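Below is one structure, written out as structure tokens; the observations come after it.
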Amino acid sequence: MNVIGTVGLPGSGKGEAANVAEEAGIPVVVMGDVIRAECRRRGLDPAEHHGRIAGALREEEGDDAIAARTLPLIREAAAESEHEAVLVDGLRSTVELERFRDAFGDDFTLVAVRAPFELRAERLDERGRDDSDSDLDALRERDARELDLGLGETLDRADVEIDNTGTLAAFRRRVREVLGVADEEGGDGDANVNPATANPGGDGS
């Protein structure tokens with residue numbers, strides 16, 4: 001089993017990378033789903049309490065709590081899939097990274113998805129899922145929160161980097177290359193698709 005984790009700041013393209021994996025039949029495990037499930041278990045709205053419950057889980061069960069709860073989901077997804085790979089969307093910290101590396105050893109690969117602030121802000125603004133997507137100060141605050149959790153160091157420790165500053169077609173080709181799946185789309189057929197709106201089913205990041 002090959003486990004491929006993704007890390008990136010908001011708007012970098014992690015959600016679109018997950019879409020590419022799903023289209024190729026590779027199962028995707030979203031770490032945020034662990035937090036959303038815990039919110040619902042506690043009778044709370046995930047949209048309002050996601051951050052608070054994430055913090056509560058880390059306080060109650062340790063800094064690697066979310067990664068630890070994700071491990072059985074990864075193994076379950078792998079057991080049910082015909083593919084040898086599983087994509088894990090949304091690492092945040094080096095503690096989570098170490099938990100996955102301890103669990104999967106050389107079978108774990110961390111992929112950093114990078115894009116500059118201005119481009120990420122433009123994509124989130126064009127996506128416009130909520131008011132915060134067009135608020136630059138809010139994005140800076142989100143970045144700061146992520147970096148405080150250790151996301152910057154986690155990015156720096158990635159095994160593979162994907163630069164997401166070009167066309168959507170180029171990004172998707174690079175993701176398929178990293179995933180080890182054939183480029184079935186061929187050419188630049190999706191080059192004019194807007195990267196900000198091309199991820200309706202993902203987490204938008």
Side-chain angles (χ1 to χ4, degrees), residues 1-34 66-67 69-92 96-116 119-120 123-124 126-127 151 154-205:
M1 173 175 60
N2 296 317
V3 181
I4 301 167
T6 58
V7 59
L9 285 163
S12 60
K14 299 190 309 298
E16 184 59 26
N19 282 351
V20 173
E22 288 180 336
E23 290 167 8
I26 294 173
V28 174
V29 176
V30 180
M31 294 182 70
D33 286 347
V34 167
I66 298 167
R69 288 188 174 209
T70 303
L71 287 174
L73 303 180
I74 295 171
R75 294 189 173 103
E76 180 181 346
E80 295 176 353
S81 174
E82 297 180 356
H83 284 266
E84 295 183 357
V86 176
L87 186 141
V88 182
D89 182 354
L91 277 82
R92 294 290 189 277
E96 294 173 344
L97 171 61
E98 290 306 320
R99 185 60 186 259
F100 288 134
R101 285 186 169 160
D102 286 345
F104 302 111
D106 293 339
D107 291 331
F108 182 80
T109 301
L110 182 64
V111 177
V113 182
R114 294 183 181 269
L119 183 54
R120 292 188 291 110
R123 288 171 176 166
L124 290 171
E126 290 176 354
R127 183 187 69 179
L151 190 142
T154 309
L155 279 165
D156 291 340
R157 293 177 61 181
D159 303 296
V160 178
E161 291 198 3
I162 298 180
D163 176 80
N164 189 15
T165 56
T167 65
L168 177 62
F171 176 67
R172 289 170 63 87
R173 282 197 301 272
R174 176 60 176 144
V175 172
R176 286 191 290 271
E177 177 184 318
V178 169
L179 294 175
V181 297
D183 186 353
E184 296 177 352
E185 294 176 13
D188 289 331
D190 55 355
N192 294 321
V193 178
N194 187 337
T197 58
N199 179 34
D203 67 355
S205 57

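As the structure is a computational prediction, the values presented were derived from the model and not from experiment. Every heavy atom of this structure was used, including side-chain atoms; hydrogens, water molecules and symmetry mates were not.
The two residues G8 and L155 have their closest heavy-atom pair at CA-CD2, 4.0 Å. Residue A24 comes nearest to H83 through the heavy atom pair O-NE2, 3.0 Å, listed as atom of the first residue, atom of the second, then distance. Across A103 and L71, no two heavy atoms sit closer than the pair CB-CD2, 3.8 Å. The minimum heavy-atom distance between V29 and A77, with the atom names listed, is CG2-CB, 4.0 Å.
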Could you give me the CA-CA distance, side-chain angles and deciding distance for I162 and V175, then say whether side-chain contact (heavy atoms from CB on, under 4.5 Å) is met? CA-CA 8 Å; I162 298 180; V175 172; 3.9 Å; yes
Step by step, work out the side-chain contact (heavy atoms from CB on, under 4.5 Å) result for R174 and V113. CA-CA 11 Å; R174 176 60 176 144; V113 182; over 6 Å; no
Kindly indicate, with the supporting measurements, whether the criterion side-chain contact (heavy atoms from CB on, under 4.5 Å) is fulfilled by L110 and T154. CA-CA 9 Å; L110 182 64; T154 309; 3.8 Å; yes
Could you check E23 against R172 for side-chain contact (heavy atoms from CB on, under 4.5 Å), going step by step and ending with a plain yes or no? CA-CA 11 Å; E23 290 167 8; R172 289 170 63 87; 2.3 Å; yes
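Although no hydrogens or angles enter the test, the distance criterion places a donor-acceptor pair under 3.5 Å between the side chain of E96 and the main chain of R92. A donor-acceptor pair under 3.5 Å is absent between the side-chain atoms of K14 and the main chain of T6, judged by distance alone. Side chain of R120 to main chain of P10: a donor-acceptor pair is present (N/O by atom type, distance under 3.5 Å, no hydrogens or angles). D107 contributes no side-chain N or O that, together with a main-chain N or O of N2, makes up a donor-acceptor pair within less than 3.5 Å. Under the 3.5 Å distance criterion, the side-chain polar atoms of S81 are left unmatched by any main-chain donor or acceptor of A78.
Two residues are said to be in side-chain contact when any heavy atoms from C-beta on lie closer than 4.5 Å; R157 and R101 meet this criterion. Annotation: side chain of L87 is in contact with side chain of D89 (closest heavy-atom distance under 4.5 Å). Side-chain atoms of V111 and D159, non-hydrogen and from C-beta on, never get closer than 4.5 Å to each other. Proximity of D163 to F171: side-chain heavy atoms (C-beta onward) are nowhere separated by under 4.5 Å.
Note that CG of D33 and CD1 of I66 are 11.5 Å apart. Values are rounded to the nearest 0.5 Å. Once rounded to the nearest 0.5 Å, the distance linking CZ of R99 with CG of L91 reads 12.5 Å. The CZ atom of R114 sits 14.5 Å away from the CG atom of L119 when rounded to the nearest 0.5 Å. The line from CD1 of I4 to CD1 of I26 is 6.0 Å long, rounded to the nearest 0.5 Å.
Residues passing the ring-ring contact (aromatic ring centres under 6.0 Å, His included) test with F108 are F100, sequence neighbours excluded.
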